[in-house]
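Report on the following structure.
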Amino acid sequence: MKGTVLAIIYVILGILIILAPSIISGRGYDEANTLSSFLTADYIVRIISFIVGILIIVFAVRAFQKK
């Protein structure tokens with residue numbers, strides 16, 4: 001039971017990390033309203049947050065499968 005709850009918390013945390021750039025900025029990826037240098041930075045932050053979120057979700061699934 002404890003492992004299931006922990007896995008669900010990790011999955012929710014991973015989803016929140018994936019969505020964090022959109023939540024913080026209040027918008028999606030928008031090329032029209034972003035300056036060129038910030039466009040690159042915004043894209044990199046979104047990719048990194050996606051990778052970290054997926055890694056957390058994969059970690060939760062692996063930990064859940066071991067138990």
query: If you round to the nearest 0.5 Å, how far is CD1 of I56 from CD1 of I12?
result: 13.0 Å

- prompt: For S49 and P21, which heavy atoms make the closest approach, and how far apart are they?
  reply: OG-CG, 3.3 Å

field: From I51 atom CD1 to I48 atom CD1, the distance as rounded to the nearest 0.5 Å
entry: 7.0 Å

task: Please answer: with hydrophobic residues joined when any side-chain heavy atoms are less than 4.5 Å apart, are I24 and V45 in the same cluster?
output: no

field: I17, I57, I47, I18 screened by side-chain contact (heavy atoms from CB on, under 4.5 Å) with V52, the one that passes
entry: I17

query: Once you round to the nearest 0.5 Å, how far does CG of L13 lie from CG of L6?
result: 10.5 Å

statement: Separation between CZ (F50) and CG (L19), nearest 0.5 Å, reads 10.5 Å

